[in-house]
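Just below is one structure, and these are the notes that go with it.
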Amino acid sequence: MYDDGYDHAAVERRWQEAWDDASVYRTPDEVEDPTYVLGMYPYPSGQLHMGHVRNYTITDAYARYRRLRGDDVLHPMGWDAFGLPAENAAKERDTNPRDWTFDCIETMKDQMASMGFGYDWDREIATCTPRYYKWNQWLFRRFLEEDLAERRAADVNWCPDCETVLADEQVEGEAELCWRCDTPVETRELEQWFLKITEYADELIDYIDGLEGWPDSVRQMQRNWIGRQEGTRLAFDVSGPDEEYGGVEAFTTRVDTVFGATFFALAPDHPISEELIETDEAVHEFVHHEADPDGDEPNGVETDLTATHPVTGGELPVFVADFVLSDVGTGALMGVPGHDDRDHAFASKMGVDIEPVIAPEPEDGEPGAPDVSEAAFVEDGVLVNSGEYSGLESAEARERLTEDIESAEHGTQYRLRDWGISRQRYWGTPIPIVHCPDCGPVLVPEDELPVELPEFINTTGNPLDAAEEWKRTTCPECGADAERETDTMDTFVDSSWYFLRYVSPDLEEAPFDRERANDWMPVDQYVGGIEHAVMHLLYSRFVTKTLADHEGLQHREPFTNLLAQGMVQLEGEKMSKSKGNVVSPQAIVEEYGADTARLFMMQAAQPERDFDWSEQGVASANAFLARLKDVVEVYADGEIETTDERDPTADYVEGEIEAAVAVAAEEYDELVFNTAVREAQSLVGTLRRYREAGDVRADTFERGLSVSLRLLSPVAPHICEELWETLGHEGFVVDATWPEADADRDTIEKRRRLVENTREDVRQIIDVADIEDPERIDIVVTPEWKHEALGVAIDSDAPNVIGELMEHDSIKRHGEAAADYGQQLQENREALQRTLDPETELEALRAAAWLIEREFDTTVRVLAAAEAGDDVAAKAEPSRPAIDIVE
RNA sequence: GCGAGGGUGGCCGAGUCUGGACAAAGGCGGCGGACUUAAGAUCCGCUCCCGUAGGGGUCCGUGGGUUCGAAUCCCUCCCCUCGCACCA
């Protein structure tokens, strides 16, 4: 017969070469609007890991499915090829980032090929090539021209040892250590380039509602990240013994609590605080030695300034406090300890008054001020102790106060900051700027792009700073000696538009072909890890919107449907090198083959869920493919006895074929690969049972096999391709057409349930009645009139259905039986369900009889009611045939 | 703390949107049987409890509610995961 497994290496190599030779994954530029299926391009680390394999198996399977459905498909791949790891690796190996990166790309490309991923490699991009990063520079120019980029001073994470800026993600833990050298990170103020993503904050948050093809979690994370807050800006006049500071703006979402403001607080780096540091010893001491913005305790120091309450005119003490953050709101706040937990803690500690001005909504009568001595009352309610505003509800008071207070106006705050893209690193896109002593920062003219990276210099700090020759240039404006900008761009710039470059990867005149992009975009199905929920996906949305506003792109969102795939774990834990619990995809491919690895991953769980890697699961996927191969080959070799006759068993198998097609299509459409695959696998099981039950009808069996192969080919393409050929089909299964099926799911499910329930009942009877060796089993389908009665009962809205039933002669003439059944229907009135009609029921059971015969090794008769004895038939009900077992 | 998602049988995992045929798909593990000299593979069953003709009981984190009927809808609480967080 066959042994476990098959020569997957030979099969897979063969078809990979054949696909390649035939360019089956090529998407010609002429196609009108291909289904754009995209996996997030990888950083070329040199090794494909399980996360990649899962990610790209999902896109590959979906792309293949769409092809079967007749779509043109765009399924490209590229490399997120810039980034610090290449610099580190180059230093360690005494090479340079470029060579190291291209080595890695080559390796990973081979690994992808060995997985059978079908990409249009003619559209491959690598962001570290000048022909790609030229367009980063071009985009930077456009940003600057449209006033969407600017250079300004900013606080950044600085590692004194590596002498470079670190992104927030590269600062580890509470202690804030550099991820590379564990040196404590410092804050440093540097001149940095920013892209003004905040200009799009409102659109970025508002459009989230329209991203219905995105997971809620990602949408929520983006909303949080943008963090829009509606509130009120209002000014407090601040003055000291010797100085007037005028109105100092504070932002609050709770202006309704303004009468409870008992202090005013400034961030340690607020301009006024910085002035006080010079003159006030206590403030100096506090800011430099005591302030601990990361601590849980709110700390502060009282100043000799006072703030004037904008409504009451009262004098409030002014503090410099470490819980006030300069990048939140205005860096100054009104303290309302009665109604804010943090203000309450601070006031208690500093001995500031705590006044209740909001009362809980009273059940009846007058609102009573809550006791806020121990804890703040933070909810909305009714104003008290608030002068003419007392008695108003919080929401209304907010509006009135914002209107009435002279310095107050409605304000919106965002958590989102502008996107700092400067990196003091070598392996990235050079920012196309020349610093001229006279003209300042000047853009490199378009016709001089790209500004290419110089040779790598192995040095501490930024290699571009050390590239003296490269740095030296002349000012494009005045021609004077000048220096190049030595910062490079954040690699998220590269990935914020790469999906557009695939549309026209070789275009020399523009980053993308506008017309084709308008036709092909947006990406129909994007797939990647949840770790990109905010950064990459938000930047991509932002850049897409700027291109829509300034470059004629007719799409404001880049990704219609997004799938955040789950993790592949080992014993419930994330696979990681440091834990040493990594399963290598290459090892699996070698041992079992790519098809097995892909099949196992897709059947293990829904794509968005985490799941555990399981050796048994892999083995069982492999065993399945071996069985599939066996049954196809045995059939193709003519070793299965066939007949031309159509019998009920063939009907059954055909029904299952239709069902499998219908169900699998629905599941593939929704990317629920696990259930789609299960359906295909169970069809193969059915075919194998069919074959074992006796002679098979050739047409039916062959169609079953051919359908199985097509349903499985998106997930296990190589073996299906091989067997497609074995079956004698011309052409590739990749290019095949999805089988037609005219079954609806409701009927499929009812039929299957009827058959299952009936088999179940037979087993139970035999077991409970202790029947050793049944001689014959009769299954008797319900008489027509009961179906009719059921229908009448479902449609009826009479209080008692029996009367209505008896108006039908066809029912009435069954006398007592009709009355009994009517009674039963009446009792279950609310629970009645439509069933299959009697003919379909009979046909479904006849078709399934062989399963029962086979199981109990006996004769099974499926009879219409008229063909059976009344005593037996009487027990039958719709969807519940009578069963008579003769011992 | 705020927000999102989730808690299903020995384990994994469907079902929850759109309440009914749900003791609850499928897989894994375990048990029994067939085949085999045997093992493996394959095939057929069983795998909450009771039951000599398809029956009954209990059950889907907890406690309540809505309904003729709840794993599914509503509320309470508990627990887990993720994101954000001295955010004014």
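In the text below, chain A, chain B and the rest are named by the order of the sequence lines, each starting its count at 1. All figures in this text were calculated on a predicted structure; none of them were measured in a lab.
- Look at G9(B): it lacks any Watson-Crick or wobble partner with both distances under 3.5 angstrom.
- Of all heavy-atom pairs spanning T330(A) and E249(A), the tightest one is OG1-O, 2.6 Å.
- Between V258(A) and the options L234(A), V336(A), V357(A), a side-chain contact (heavy atoms from CB on, under 4.5 Å) holds for only L234(A).
- The phosphate of U42(B) has OP1 or OP2 within less than 4.0 Å of a side-chain N or O from R627(A).
- In this structure, C84(B) and G1(B) make a Watson-Crick or G-U wobble pair, each of the two defining distances being under 3.5 angstrom.
- The separation of A41(B) from A25(B), taken at their P atoms, amounts to 25 Å, rounded to a whole angstrom.
- R763(A) has a side-chain polar atom (N or O) that falls below the 4.0 Å cut-off from OP1 or OP2 of G45(B).
- Here A88(B) is the nucleotide among U42(B), G83(B), A88(B) with the atom lying nearest to any side-chain atom of T253(A).
- With C1' as the reference atom, C73(B) and C80(B) are 24 Å apart, rounded to whole Å.
- Comparing G63(B) with A70(B), their P atoms sit 15 Å apart, to the nearest whole Å.
- For T758(A) against I883(A), the heavy-atom pair with the smallest separation is O-CD1, 4.1 Å.
- The pairing partner recorded for A34(B) is U42(B), the criterion being a Watson-Crick or G-U wobble arrangement whose two distances lie under 3.5 angstrom.
- Relative to the side chain of I883(A), the nucleotides A88(B), G54(B), C84(B) differ in distance, and G54(B) lies closest.
- The phosphate of A53(B) (OP1 or OP2) has no side-chain N or O of R880(A) nearer than 4.0 angstrom.
- For D761(A), the listed nucleotide lying nearest its side chain is G54(B); candidates were G54(B), C84(B), A88(B).
- For the C1' atoms, the distance linking A14(B) with A24(B) amounts to 10 Å, nearest Å.
- Scored by the side-chain contact (heavy atoms from CB on, under 4.5 Å) test, E297(A) finds N299(A), K349(A) as partners (sequence neighbours excluded).
- U8(B) and C60(B) are spaced 11 Å apart, taking the P atom of each and rounding to whole Å.
- The C1' atoms of U47(B) and C28(B) are separated by 13 Å, rounded to the nearest whole Å.
- Here the side chain of T252(A) is nearest to one of G51(B), A88(B), U52(B), namely A88(B).
- Distances from the side chain of R759(A) to the nucleotides G5(B), G54(B), G45(B) place G45(B) closest.
- Of the candidates C43(B), C84(B), C86(B), the closest approach to any side-chain atom of R688(A) belongs to C43(B).
- In terms of heavy-atom proximity, I358(A) sits nearest to E379(A) at CG2-O, 3.8 Å.
- Annotation: F264(A) is not in aromatic contact with F319(A) [ring centroid separation under 6.0 Å not met].
- Taking atom C1' in both G15(B) and C31(B), the straight-line distance is 27 Å, to the nearest Å.
- Distances were taken from every side-chain heavy atom of S217(A) (C-beta onward) to each of A88(B), A4(B), C43(B); the shortest belongs to A4(B).
- The separation of G69(B) from C59(B), taken at their P atoms, amounts to 16 Å, rounded to a whole angstrom.
- Base pairing of C77(B): its partner is G61(B), meeting the Watson-Crick or G-U wobble criterion (both donor-acceptor distances under 3.5 Å).
- Side-chain proximity of R689(A) to the nucleotides C43(B), G3(B), G51(B) is greatest for C43(B).
- The phosphate of C87(B) has neither OP1 nor OP2 within less than 4.0 Å of any side-chain N or O from Q413(A).
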